[in-house]
Amino acid sequence: MASDGNNMIDPAIFEYLKAHGEEEVEVGERLHQVTATLNRHVSACQGLLSRIHSTPTSKLGPLLKQVEETGIRPEIDSVGELAQFTSQYPYYKYNHRWTRSIQNVVGTILLTAWLGGMGTETRPGELGRLLTIEEIGEILKVPVNLKERDAFHVTIEEYLLALTDITEELSRLAMNSVTMGDVGLTVRISSFIKDLFAGFQLLNLKNDIVRKRVDAVKYHVKKVEDVIYDLSLRNLLPKTEE
(Lines give C-alpha, C1' and ligand atoms only; values in the text may rest on other atoms or scores of the structure.)
Protein backbone atom coordinates (compact mmCIF):
# COMPACT_ATOMS: atom_id res chain seq x y z
CA MET A 1 0.00 0.00 0.00
CA ALA A 2 1.45 3.40 -0.98
CA SER A 3 2.34 5.84 1.74
CA ASP A 4 0.32 8.96 2.08
CA GLY A 5 2.46 11.82 0.84
CA ASN A 6 1.12 14.06 3.60
CA ASN A 7 2.66 11.79 6.25
CA MET A 8 6.17 11.71 4.79
CA ILE A 9 9.02 13.20 6.91
CA ASP A 10 10.16 16.52 5.58
CA PRO A 11 13.63 16.02 3.98
CA ALA A 12 14.55 19.50 5.18
CA ILE A 13 14.87 18.12 8.70
CA PHE A 14 17.72 15.85 7.67
CA GLU A 15 19.30 18.50 5.50
CA TYR A 16 19.35 20.76 8.54
CA LEU A 17 20.85 18.05 10.73
CA LYS A 18 23.47 17.22 8.12
CA ALA A 19 24.50 20.85 7.71
CA HIS A 20 24.82 21.39 11.45
CA GLY A 21 26.61 18.10 11.90
CA GLU A 22 29.16 19.09 9.27
CA GLU A 23 29.59 22.47 10.96
CA GLU A 24 30.24 20.73 14.30
CA VAL A 25 32.94 18.62 12.68
CA GLU A 26 34.57 21.65 11.05
CA VAL A 27 34.53 23.63 14.30
CA GLY A 28 35.95 20.65 16.19
CA GLU A 29 38.77 20.18 13.71
CA ARG A 30 39.69 23.85 13.77
CA LEU A 31 39.59 23.91 17.57
CA HIS A 32 41.87 20.90 17.64
CA GLN A 33 44.38 22.70 15.42
CA VAL A 34 44.33 25.90 17.47
CA THR A 35 44.56 24.17 20.85
CA ALA A 36 47.28 21.81 19.60
CA THR A 37 49.38 24.84 18.65
CA LEU A 38 48.66 26.45 22.03
CA ASN A 39 49.63 23.27 23.86
CA ARG A 40 52.93 23.10 21.99
CA HIS A 41 53.73 26.63 23.13
CA VAL A 42 52.73 25.76 26.69
CA SER A 43 54.99 22.70 26.68
CA ALA A 44 57.90 24.78 25.38
CA CYS A 45 57.30 27.41 28.05
CA GLN A 46 57.05 24.82 30.82
CA GLY A 47 60.26 23.26 29.55
CA LEU A 48 62.07 26.57 29.90
CA LEU A 49 60.60 27.13 33.35
CA SER A 50 61.81 23.72 34.49
CA ARG A 51 65.32 25.18 34.44
CA ILE A 52 64.48 27.25 37.53
CA HIS A 53 65.19 24.13 39.57
CA SER A 54 68.86 24.26 38.64
CA THR A 55 69.31 28.03 38.30
CA PRO A 56 70.34 30.15 41.32
CA THR A 57 68.09 33.12 42.06
CA SER A 58 70.91 35.52 41.23
CA LYS A 59 70.96 34.14 37.66
CA LEU A 60 67.23 33.90 37.06
CA GLY A 61 66.98 37.20 35.18
CA PRO A 62 68.23 35.98 31.76
CA LEU A 63 66.20 32.77 32.04
CA LEU A 64 62.98 34.64 32.84
CA LYS A 65 63.64 36.98 29.94
CA GLN A 66 63.91 33.96 27.65
CA VAL A 67 60.71 32.50 29.12
CA GLU A 68 58.84 35.73 28.40
CA GLU A 69 60.14 36.15 24.85
CA THR A 70 60.14 32.58 23.52
CA GLY A 71 57.63 30.97 25.87
CA ILE A 72 54.93 33.33 27.05
CA ARG A 73 54.76 35.59 24.01
CA PRO A 74 53.81 32.70 21.66
CA GLU A 75 51.26 31.58 24.27
CA ILE A 76 49.68 35.03 24.19
CA ASP A 77 49.50 34.96 20.40
CA SER A 78 47.85 31.52 20.43
CA VAL A 79 45.33 32.57 23.09
CA GLY A 80 44.46 35.55 20.90
CA GLU A 81 43.88 33.25 17.94
CA LEU A 82 41.73 30.96 20.08
CA ALA A 83 39.69 33.87 21.43
CA GLN A 84 39.11 35.26 17.95
CA PHE A 85 37.95 31.94 16.53
CA THR A 86 35.75 30.88 19.43
CA SER A 87 34.02 34.28 19.60
CA GLN A 88 31.85 33.05 16.71
CA TYR A 89 30.37 30.25 18.81
CA PRO A 90 28.74 29.76 22.24
CA TYR A 91 31.48 29.85 24.88
CA TYR A 92 30.10 27.21 27.22
CA LYS A 93 29.46 24.80 24.39
CA TYR A 94 33.14 24.42 23.60
CA ASN A 95 35.16 25.78 26.52
CA HIS A 96 35.87 22.27 27.85
CA ARG A 97 38.11 21.86 24.79
CA TRP A 98 40.60 24.48 25.96
CA THR A 99 40.08 25.15 29.69
CA ARG A 100 43.04 22.99 30.76
CA SER A 101 45.25 24.72 28.19
CA ILE A 102 44.28 28.15 29.50
CA GLN A 103 44.90 26.98 33.06
CA ASN A 104 48.42 25.96 32.01
CA VAL A 105 49.03 29.29 30.27
CA VAL A 106 47.92 31.19 33.37
CA GLY A 107 50.18 28.97 35.47
CA THR A 108 53.28 29.77 33.42
CA ILE A 109 52.55 33.50 33.67
CA LEU A 110 51.88 33.36 37.42
CA LEU A 111 55.08 31.40 38.09
CA THR A 112 57.21 33.66 35.89
CA ALA A 113 55.84 36.76 37.63
CA TRP A 114 56.33 35.28 41.10
CA LEU A 115 59.98 34.61 40.29
CA GLY A 116 60.48 38.24 39.33
CA GLY A 117 59.56 38.32 35.66
CA MET A 118 56.71 39.97 33.72
CA GLY A 119 57.86 43.43 34.69
CA THR A 120 56.69 46.54 32.86
CA GLU A 121 57.99 50.10 32.50
CA THR A 122 55.62 51.24 35.23
CA ARG A 123 56.05 48.20 37.48
CA PRO A 124 59.33 46.29 37.46
CA GLY A 125 59.26 42.58 38.23
CA GLU A 126 59.80 41.54 41.81
CA LEU A 127 60.29 38.24 43.58
CA GLY A 128 57.14 37.01 45.30
CA ARG A 129 54.65 39.03 43.27
CA LEU A 130 51.28 37.37 42.75
CA LEU A 131 49.41 38.62 39.68
CA THR A 132 45.66 39.16 39.97
CA ILE A 133 43.23 37.62 37.51
CA GLU A 134 42.70 41.10 36.06
CA GLU A 135 46.43 41.45 35.40
CA ILE A 136 46.40 38.03 33.73
CA GLY A 137 43.62 39.26 31.46
CA GLU A 138 45.62 42.36 30.56
CA ILE A 139 48.66 40.28 29.67
CA LEU A 140 46.63 37.84 27.55
CA LYS A 141 44.49 40.67 26.12
CA VAL A 142 41.25 38.84 26.87
CA PRO A 143 38.36 39.45 29.30
CA VAL A 144 38.19 37.71 32.67
CA ASN A 145 35.27 36.37 34.69
CA LEU A 146 32.59 37.44 32.22
CA LYS A 147 29.02 37.33 33.48
CA GLU A 148 27.08 39.66 31.21
CA ARG A 149 27.87 38.05 27.84
CA ASP A 150 28.75 34.70 26.29
CA ALA A 151 32.30 35.17 25.02
CA PHE A 152 35.81 33.86 25.47
CA HIS A 153 37.37 34.74 28.82
CA VAL A 154 39.61 33.50 31.61
CA THR A 155 37.47 32.07 34.38
CA ILE A 156 38.03 32.31 38.13
CA GLU A 157 38.22 28.51 38.22
CA GLU A 158 41.06 28.51 35.67
CA TYR A 159 42.91 31.12 37.73
CA LEU A 160 42.43 29.18 40.98
CA LEU A 161 43.54 25.91 39.43
CA ALA A 162 46.63 27.63 38.03
CA LEU A 163 47.41 28.84 41.55
CA THR A 164 47.32 25.27 42.83
CA ASP A 165 49.68 24.31 40.00
CA ILE A 166 52.29 26.87 41.00
CA THR A 167 52.16 25.86 44.68
CA GLU A 168 53.20 22.38 43.58
CA GLU A 169 56.00 23.77 41.43
CA LEU A 170 57.16 26.14 44.16
CA SER A 171 57.20 23.38 46.79
CA ARG A 172 59.58 21.49 44.52
CA LEU A 173 61.67 24.64 44.04
CA ALA A 174 61.83 25.11 47.81
CA MET A 175 63.69 21.82 48.16
CA ASN A 176 65.95 22.44 45.18
CA SER A 177 66.80 25.91 46.48
CA VAL A 178 68.34 24.32 49.57
CA THR A 179 70.57 22.24 47.30
CA MET A 180 71.60 25.41 45.47
CA GLY A 181 72.38 27.11 48.79
CA ASP A 182 69.51 29.60 48.61
CA VAL A 183 67.77 28.93 51.91
CA GLY A 184 66.27 32.41 51.84
CA LEU A 185 64.19 31.49 48.79
CA THR A 186 62.99 28.35 50.54
CA VAL A 187 61.77 30.43 53.47
CA ARG A 188 60.12 32.89 51.08
CA ILE A 189 58.29 30.09 49.29
CA SER A 190 57.15 28.57 52.58
CA SER A 191 55.62 31.84 53.70
CA PHE A 192 53.91 32.39 50.34
CA ILE A 193 52.24 29.02 49.96
CA LYS A 194 51.07 29.07 53.59
CA ASP A 195 49.50 32.49 53.03
CA LEU A 196 47.97 31.26 49.77
CA PHE A 197 46.48 28.19 51.43
CA ALA A 198 45.07 30.37 54.21
CA GLY A 199 43.46 32.54 51.54
CA PHE A 200 41.94 29.50 49.88
CA GLN A 201 40.23 28.62 53.16
CA LEU A 202 38.27 31.86 52.98
CA LEU A 203 36.66 30.88 49.68
CA ASN A 204 33.33 29.13 49.36
CA LEU A 205 34.43 26.61 46.75
CA LYS A 206 31.49 24.88 45.05
CA ASN A 207 33.43 23.42 42.11
CA ASP A 208 34.45 19.88 43.07
CA ILE A 209 37.60 19.90 40.95
CA VAL A 210 38.80 23.20 42.39
CA ARG A 211 37.99 22.11 45.95
CA LYS A 212 39.96 18.87 45.57
CA ARG A 213 42.93 20.66 44.05
CA VAL A 214 42.89 23.26 46.81
CA ASP A 215 42.78 20.47 49.42
CA ALA A 216 45.95 19.08 47.83
CA VAL A 217 47.76 22.38 48.49
CA LYS A 218 48.01 21.48 52.17
CA TYR A 219 50.36 18.67 51.17
CA HIS A 220 52.55 21.16 49.35
CA VAL A 221 52.55 23.29 52.50
CA LYS A 222 53.50 20.27 54.60
CA LYS A 223 56.29 19.31 52.22
CA VAL A 224 57.91 22.74 52.54
CA GLU A 225 57.31 22.90 56.29
CA ASP A 226 59.26 19.64 56.62
CA VAL A 227 62.14 21.23 54.73
CA ILE A 228 62.05 24.31 56.96
CA TYR A 229 61.93 22.14 60.07
CA ASP A 230 64.97 20.18 58.92
CA LEU A 231 66.85 23.41 58.24
CA SER A 232 65.97 24.73 61.68
CA LEU A 233 67.30 21.57 63.34
CA ARG A 234 70.58 22.09 61.52
CA ASN A 235 70.57 25.79 62.39
CA LEU A 236 70.65 26.75 58.72
CA LEU A 237 67.77 29.20 58.62
CA PRO A 238 68.61 32.86 57.97
CA LYS A 239 68.77 34.93 61.12
CA THR A 240 65.85 37.33 61.46
CA GLU A 241 66.50 40.84 62.61
CA GLU A 242 65.29 41.64 66.10
Participant: Give the intermediate values and the outcome of side chain to side chain contact (heavy atoms under 4.5 Å, CB included) for residues Leu160 and Leu203.
Facilitator: CA-CA 11 Å; Leu160 289 174; Leu203 303 177; 3.9 Å; yes
Participant: Could you tell me whether Lys212 and Asp215 make a salt bridge, using a distance below 4.0 angstrom between a side-chain N and a carboxylate O?
Facilitator: no
Participant: What's the verdict on side chain to side chain contact (heavy atoms under 4.5 Å, CB included) for Leu82 and Leu31, showing C-alpha distance, side-chain angles and the deciding distance?
Facilitator: CA-CA 8 Å; Leu82 177 63; Leu31 270 178; 3.9 Å; yes
Participant: Tell me whether Tyr219 is reachable from Phe200 by hopping between hydrophobic residues (I, L, V, M, F, W, Y) whose side-chain heavy atoms are closer than 4.5 Å.
Facilitator: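 Different clusters.
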Participant: Side chains of Thr37 and Arg40 only: does a donor on one sit below 3.5 Å from an acceptor on the other?
Facilitator: yes
Participant: Just by distance, no angles: are the side chains of Gln46 and Thr108 close enough, under 3.5 Å, to form a donor-acceptor pair?
Facilitator: no
Participant: Taking the side chain as every heavy atom from C-beta outward, state whether Ser177 and Arg188 have any pair of such atoms under 4.5 Å apart.
Facilitator: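 No. Closest side-chain heavy atoms not under 4.5 Å.
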Participant: Looking at Thr35, is its backbone amide N or carbonyl O close enough to the side chain of Arg97 to form a donor-acceptor pair, meaning the two atoms are under 3.5 Å apart?
Facilitator: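 Judged by distance alone, no pair lies under 3.5 Å.
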Participant: Which of these, Thr164, Thr155, Asp165, sits in a side chain to side chain donor-acceptor pair (under 3.5 Å) with Gln103?
Facilitator: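 Of all the options given, the one that passes is Asp165.
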Participant: Counting C-beta onward and ignoring hydrogens, is there a side-chain heavy-atom pair between Thr99 and Leu161 closer than 4.5 Å?
Facilitator: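 Answer no - side chains too far apart.
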Participant: Tell me the closest heavy-atom pair linking Lys194 and Val221, and the distance in Å.
Facilitator: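 Residues Lys194 and Val221, closest heavy atoms: CG-CG1, 3.5 Å.
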Participant: Looking only at non-hydrogen atoms, find the nearest pair between Met118 and Arg129 and report the distance.
Facilitator: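 It is O-NH1, 3.8 Å.
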Participant: How long is the straight-line distance from OG1 of Thr55 back to CG of Leu63, given to the nearest 0.5 Å?
Facilitator: 5.0 Å
Participant: Does the side chain of Met180 come within less than 4.5 Å of Lys59's, by heavy atoms?
Facilitator: no
Participant: Which distance, rounded to the nearest 0.5 Å, do you find between the CG of Leu163 and the CG of Leu111?
Facilitator: 11.0 Å
Participant: How are the rings of Phe152 and Tyr91 set relative to one another: parallel (under 30°), tilted (30 to 60°) or perpendicular (over 60°)?
Facilitator: perpendicular
Participant: Is the shortest heavy-atom distance from the side chain of Ser54 to the side chain of Asn176 under 4.5 Å?
Facilitator: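 Sidechains of Asn176 and Ser54: no contact.
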Participant: Set out, in order, the CA-CA distance, both residues' side-chain angles and the distance that settles side chain to side chain contact (heavy atoms under 4.5 Å, CB included) for Leu237 and Val187, then state yes or no.
Facilitator: CA-CA 8 Å; Leu237 291 177; Val187 174; 3.9 Å; yes
Participant: Please name the pair of heavy atoms, one in Ile52 and one in Leu173, separated by the smallest distance, quoted to 0.1 Å.
Facilitator: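 So the minimum-distance heavy-atom pair works out to O-CD1, 3.6 Å.
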Participant: Is there a path of hydrophobic side-chain contacts, each under 4.5 Å between heavy atoms of I, L, V, M, F, W or Y residues, that connects Tyr92 with Tyr89?
Facilitator: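 Cluster IDs for Tyr92 and Tyr89 match.
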Participant: Could you check whether Lys218 pairs with Glu225 (Lys NZ or Arg NE/NH1/NH2 to Asp/Glu carboxylate O, under 4.0 Å)?
Facilitator: no
Participant: Does the pair Arg73/Asp77 count as a salt bridge with the N-to-O cut at 4.0 Å?
Facilitator: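 Salt bridge flag = no for Asp77 with Arg73.
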Participant: Are any non-hydrogen side-chain atoms of Leu196 and Val217 less than 4.5 angstrom apart?
Facilitator: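 Result no, sub-4.5 Å side-chain heavy-atom pair not found.
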Participant: Determine the minimum heavy-atom distance between Glu68 and Thr112, stating which atoms define it.
Facilitator: CG-CG2, 4.1 Å
Participant: Going by heavy atoms in the side chains, are Val178 and Asp230 under 4.5 Å from each other?
Facilitator: no
Participant: A quick test of your reading: do over 12 heavy atoms of other residues, nucleotides or ligands sit less than 6.0 Å from NE2 of His53?
Facilitator: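 Yes - once you tally the heavy atoms of other residues, nucleotides and ligands closer than 6.0 Å, there are more than 12.
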Participant: Is the shortest side-chain heavy-atom distance between Val142 and Ile136 below 4.5 Å?
Facilitator: no
Participant: Apply the test salt bridge (Lys or Arg N to Asp or Glu O under 4.0 Å) to residues Arg30 and Glu81: give CA-CA distance (whole Å), side-chain angles for both, the deciding distance (0.1 Å), then the verdict.
Facilitator: CA-CA 11 Å; Arg30 179 59 181 148; Glu81 183 181 3; 2.8 Å; yes
Participant: For the OG atom of Ser43 and the CG atom of Leu38, what is their distance to the nearest 0.5 Å?
Facilitator: 9.5 Å
Participant: Does Gln84 CD have over 12 foreign heavy atoms under 6.0 Å away?
Facilitator: no
Participant: Which value, rounded to the nearest 0.5 Å, describes the distance between Leu236 atom CG and Ile228 atom CD1?
Facilitator: 10.5 Å
Participant: Should Phe197 and Phe192 be regarded as members of a common hydrophobic cluster, given that ILVMFWY residues are connected when their side-chain heavy atoms come within less than 4.5 Å of each other, either directly or indirectly?
Facilitator: yes
Participant: Rounded to the nearest 0.5 Å, what's the gap from CD1 on Ile102 to OG on Ser78? Could you check?
Facilitator: 9.5 Å
Participant: Transitively linked via ILVMFWY side-chain contacts under 4.5 Å: Tyr229 with Leu231?
Facilitator: no
Participant: Assess whether atom CD of Glu148 is packed by more than 12 heavy atoms of other residues, nucleotides or ligands within 6.0 Å.
Facilitator: yes
Participant: Mind checking whether Ile209 and Trp98 sit in one hydrophobic cluster, side chains of I, L, V, M, F, W, Y counted as touching below 4.5 Å?
Facilitator: yes
Participant: Less than 4.5 Å apart, any side-chain heavy atom of Thr86 and any of Tyr94?
Facilitator: no
Participant: Roughly how far apart are Ile193 CD1 and Glu168 CD, rounded to 0.5 Å?
Facilitator: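 The CD atom of Glu168 is 11.0 Å from CD1 of Ile193, to the nearest 0.5 Å.
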Participant: Can you see which heavy atom on Ala162 is nearest to which on Gly107, and at what distance?
Facilitator: CB-N, 3.6 Å
Participant: List the atom of Glu75, the atom of Cys45, and the distance in Å for their closest heavy-atom pair.
Facilitator: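 Heavy atoms of Glu75 and Cys45 come nearest at OE2-CB, 3.5 Å.
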